[in-house]
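Note sheet for the following structure.
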There are 2 protein chains.
Amino acid sequence: MGKPAQISAETNWDAGTAVRDTALSRLVGYNLKRSFNNIYVDLAEALRPFGLRMITFTILTMLRENPGIRLSNLAAAIDMEKPNMVSVIDELSARGLVTRSADPLDKRARQLHLTADGLKLQHQAYAAACVHEEGCLQHLDEAERAQLIALLSKIRHGADKDSR
Amino acid sequence: MGKPAQISAETNWDAGTAVRDTALSRLVGYNLKRSFNNIYVDLAEALRPFGLRMITFTILTMLRENPGIRLSNLAAAIDMEKPNMVSVIDELSARGLVTRSADPLDKRARQLHLTADGLKLQHQAYAAACVHEEGCLQHLDEAERAQLIALLSKIRHGADKDSR
DNA sequence: TATTGTTATACTCTATAACTATA
DNA sequence: TATAGTTATAGAGTATAACAATA
């Protein structure tokens with residue numbers, strides 16, 4: 001396709017002229033960014049009543065399933081840099097949702113745990129997140145949702161494998 | 001040991017203990033964020049040799065298909081705030097990749113165009129982006145990629161409809 | 001020497017308010 | 001009055017270097 005001197009004829013952009021994005025639409029990366037942003041903004045709104053952001057919600061949920069995990073292990077598990085994790089844990093700790101306790105096996109390490117309040121908030125927020133997902137994905141049926149998650153995690157774990 | 005096992009038994013987190021994320025894995029939002037980040041970091045690396053980031057690459061590609069488009073229309077098309085668009089156009093303009101010219105129909109507006117250099121760079125960068133996608137998606141066959149894009153744009157356009 | 005948690009720092013991305021010149 | 005482009009600014013999110021205590 002080396003010929004067409006001009007991609008398209010000159011257009012009047014005065015009114016609501018339709019904008020083309022066929023080239024970008026072919027790229028999975030572009031579609032991922034756009035649809036992620038749509039869901040992300042919406043999820044942030046769903047979590048705001050609980051005083052949570054996506055990252056704090058993620059951490060509370062991870063702590064529920066992995067009580068006592070070390071900060072560095074948790075950071076690695078969700079692809080976050082340790083220094084950034086520290087400040088978020090500071091925030092959750094100051095709110096009384098998470099505790100840092102001594103690790104008997106390694107004096108350098110700290111065990112992270114949910115408090116009773118943290119567990120309660122995680123329950124509520126997770127329920128809200130599920131309701132939110134329902135709203136975002138109402139145009140997808142059960143099979144499509146499962147397919148989407150399967151394809152996305154295939155990308156994730158494929159990339160994991162490659163980097164090692 | 002010998003304690004009322006809460007969510008899960010107490011674990012020793014000293015070594016490379018496996019971390020669980022079954023609750024988060026069920027959420028499309030979480031999977032989207034993780035897989036987007038994987039692709040994004042990698043794509044950024046593929047574009048770096050051209051001096052481009054994802055946003056500048058996106059704009060060059062949009063200008064190729066929509067020559068003469070106004071700044072605000074372009075910003076709306078890719079869900080970007082106008083003030084942020086201004087500084088990126090400044091950057092591309094300073095590098096001689098994009099021009100701002102007067103719009104004969106509206107003295108407030110500026111028409112955005114690729115320069116010859118901009119068009120050339122877009123070509124090269126788009127080819128690199130396609131090669132990069134090939135690397136990221138090598139674990140997905142043609143049908144799965146098409147399916148993924150279809151599902152993602154279903155989320156995008158479903159959300160568009162809902163917000164109006 | 002390597003690793004855990006930490007501090008400090010910087011850069012990108014994103015979001016909002018307000019100004020100007022036109023419409 | 002509303003809109004296009006712009007300026008200034010602030011907040012998330014992310015990334016790196018370096019340090020003290022411990023392994």
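From a predicted model like this one, the values you see are computed outputs, not experimental measurements. We name chains A, B, ... by the order of the sequence lines, and we start the count at 1 in each one.
The main-chain N or O of Met80(B) is never found under 3.5 Å from a side-chain atom of Asn84(B) such that the two would form a donor-acceptor pair.
For the atom pair Gln138(A) CD and Arg145(A) CZ, the distance stands at 8.5 Å (nearest 0.5 Å).
Distance Ile59(B) CD1 to dT14(C) P: 11 Å, rounded to the nearest Å. Atom pair Leu105(A):CG and dT4(C):C1' shows a separation of 14 Å (rounding to whole Å applied). The interatomic distance linking Met80(B) (CE) with dT12(C) (P) rounds to 13 Å, in whole Å. Rounded to an integer number of Å, the gap from Lys33(A) NZ to dG13(D) P is 14 Å. Spacing between atom CD of Glu45(B) and atom P of dT12(C) amounts to 16 Å, rounded to whole angstrom units. Atom P of nucleotide dT7(C) and atom CD1 of Ile89(A) are separated by 13 Å, given to the nearest angstrom. The interatomic distance linking Asp106(B) (CG) with dA2(D) (C1') rounds to 12 Å, in whole Å. For the pair Asp90(B) CG and dC13(C) P, the interatomic distance rounds to 15 Å; values are reported in whole Å.
DNA chain D is contacted by both Met54(A) and Glu81(A); Met54(A) maps to the nucleotide lying nearer its 5′ end (nearest heavy atom per residue).
Residue Asn84(A) places a side-chain atom within donor-acceptor reach of the base of dA15(D), judged by atom type and a 3.5 Å distance cut-off alone. On a pure distance criterion of 3.5 Å, a polar donor-acceptor pair joins the side chain of Arg108(A) and the base of dT3(C).
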Show your reasoning for whether side chain to side chain donor-acceptor pair (under 3.5 Å) applies to Glu65(B) and Thr22(A). CA-CA 8 Å; Glu65(B) 284 188 311; Thr22(A) 56; 2.3 Å; yes

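Contact between the side-chain N/O atoms of Asn73(A) and the OP1/OP2 oxygens of dT4(C) is not found at any separation under 4.0 Å. The side chain of Tyr40(B) contributes no N or O atom lying less than 4.0 Å from OP1 or OP2 of dT14(D).
The side chain of Ser72(A) lies closest to dT4(C) when the candidates are dT16(C), dT14(C), dT4(C). Of the candidates dA23(C), dT6(D), dT6(C), the closest approach to any side-chain atom of Arg100(A) belongs to dT6(C). Among dT14(D), dA12(D), dT6(C), the nucleotide with an atom closest to any side-chain atom of Leu71(A) is dT6(C). When distances run from any side-chain atom of Pro83(B) to the nucleotides dA17(C), dG5(D), dG5(C), the shortest one goes to dA17(C). Comparing dA23(D), dT14(D), dG5(D) by their closest approach to the side chain of Lys107(A) singles out dA23(D).
The shortest side-chain heavy-atom distance between Val28(B) and Leu148(A) falls under the 4.5 Å cut-off.
At a threshold of 4.0 angstrom between heavy atoms, the contacts of Lys82(A) include nucleobase atoms, whether or not backbone atoms are also involved.
With sequence neighbours excluded, the residues that form a ring pair (Phe, Tyr, Trp, His ring centres under 6.0 Å) with Tyr40(A) are Phe36(A).
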